[in-house]
Number of protein chains: 2
Amino acid sequence: MPKHQAPIPLVDLNADAPCCPPLAQRRVPAETAAVLAPAFKALGDPVRLQLMSMIASADGGEACVCDLTPAFDLTGPTISHHLKTLREAGLVDAERRGTWVYYRARPQILRQLAGLLASEPTAATQR
Amino acid sequence: MPKHQAPIPLVDLNADAPCCPPLAQRRVPAETAAVLAPAFKALGDPVRLQLMSMIASADGGEACVCDLTPAFDLTGPTISHHLKTLREAGLVDAERRGTWVYYRARPQILRQLAGLLASEPTAATQR
DNA sequence: TCTCTGTTTAGACAGGCATCTAGACAGGGT
DNA sequence: ACCCTGTCTAGATGCCTGTCTAAACAGAGA
């Protein structure tokens, strides 16, 4: 097997996470906190927050590493390290197509995090 | 001057943060990332995430440290340390009234964070 | 005032993290 | 086949963090 590749999603939030009971509405149980905290932690670095944004807002929903790297004053390996962190937090998926590797956001978990922070469900609300 | 007290809010997000351009809509600028990343970082610990939830969901909008501490298998100083982290990230305010200290969530920044993660700002349905 | 309880600070330690350089793997072109 | 470019991994290093114990501060009550 290829030793170079191990992009297995380490966090599967769809399966066991109770999804989105707003943080300010009822107390977050320890298990949920243990699952979601790493995602917040991954976003807790300015570089990764920007990377996440660049990927999520990219045309076609995916961004090439070759476009991400030159946007920072950091070496390739460092960017790769941050992308790995986002990958392991379940925030993005990676796929190699030919020479370049493309990253794609996983909207589900972003929705979960946003739902957790939502203070005012406002109109449309839950379902 | 009182050496014990320095609960100055270190982050004033209202003033300079451009507030809530959704992360997936356009690229987060470096300055915004630098301001908001510490808030995500503060939520990136299971204990702090639970503390934040307990405070934000408390009756009357505030929670006493004396209620927070016994909810964890951690010493008082450790809880105090985490609360200080939340305070310095601008997520909560502290106020001493008599013997006890009460913590209160700052909804504005929670809204900012939620807005940043919101994939679809319009409440209704959506894919 | 003295004492008791609640809370924070100080200092120390182990572990984790961001960054770098050097090297390895993948794919395309010559 | 070879080399060149793009990307990731490995290992090292210095800083940051989570946790503890011990001690200091704040307020209430005797």
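Order of the sequence lines sets the chain letters (A, B, ...), proteins ahead of strands, with each chain counted from 1. The structure displayed is predicted, hence computed values, not measured ones.
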Tabulate below the donor-acceptor pairs under 3.5 Å that side-chain atoms of residues 40-47 of chain A make, not counting sequence neighbours, or state none.
from    : atom 1 : to      : atom 2 : distance (Å)
A:Asp45 : OD1    : A:Val47 : N      : 2.8
A:Asp45 : OD1    : A:Arg48 : N      : 3.4

For A:Leu74 and C:dT19, what is the distance between atoms CG and C1' respectively, to the nearest whole Å?
-> 8 Å

Report yes if a side-chain nitrogen or oxygen of A:Thr99 is closer than 4.0 Å to either non-bridging phosphate oxygen (OP1 or OP2) of D:dG6; otherwise report no.
-> no

If only side-chain N and O atoms of A:Trp100 are considered, is one of them under 4.0 Å from the OP1 or OP2 phosphate oxygen of D:dT7?
-> yes

Could you tell me the separation between the CZ atom of B:Phe40 and the P atom of D:dT17, rounded to a whole number of Å?
-> 17 Å

Between A:Tyr103 and A:Arg87, a side-chain donor and acceptor under 3.5 Å = yes

Tell me the salt bridge (charged side-chain N to carboxylate O under 4.0 Å, His left out) pairs involving residues 54-73 of chain A, sequence neighbours left out?
-> A:Glu62-A:Arg97, A:Glu62-A:Arg104

Hey, any chance A:Tyr102 and A:Leu83 share a hydrophobic cluster, counting ILVMFWY side chains that come within less than 4.5 Å of each other, even indirectly?
-> no

Return the 5'-most residue of the pair B:Pro77, B:His81 with respect to DNA chain D, ranking by each residue's nearest nucleotide.
-> B:His81

Five-pair end axes of the helix from C:dT1-D:dA30 to C:dT30-D:dA1 and the angle they enclose, rounded to 10° = 10°

Residue set satisfying side-chain contact (heavy atoms from CB on, under 4.5 Å) with B:Ala30, at least two apart, ordered chain then number -> A:Gln50

Separation of D:dT7 P from A:Ile79 CD1 (nearest whole Å) = 11 Å

For residues 45-69 of chain B, which residues have at least one heavy atom under 4.0 Å from DNA chain C?
-> B:Cys64, B:Val65, B:Cys66

Is B:Thr78 near enough to D:dC20 that one of its side-chain N or O atoms lies under 4.0 angstrom from OP1 or OP2?
-> yes

Residue pair A:Tyr103/A:Lys41 against DNA chain D: nearer the 5' end by closest nucleotide is A:Tyr103

Test side-chain contact (heavy atoms from CB on, under 4.5 Å) applied to B:Thr99 - qualifying residues, sequence neighbours left out | none

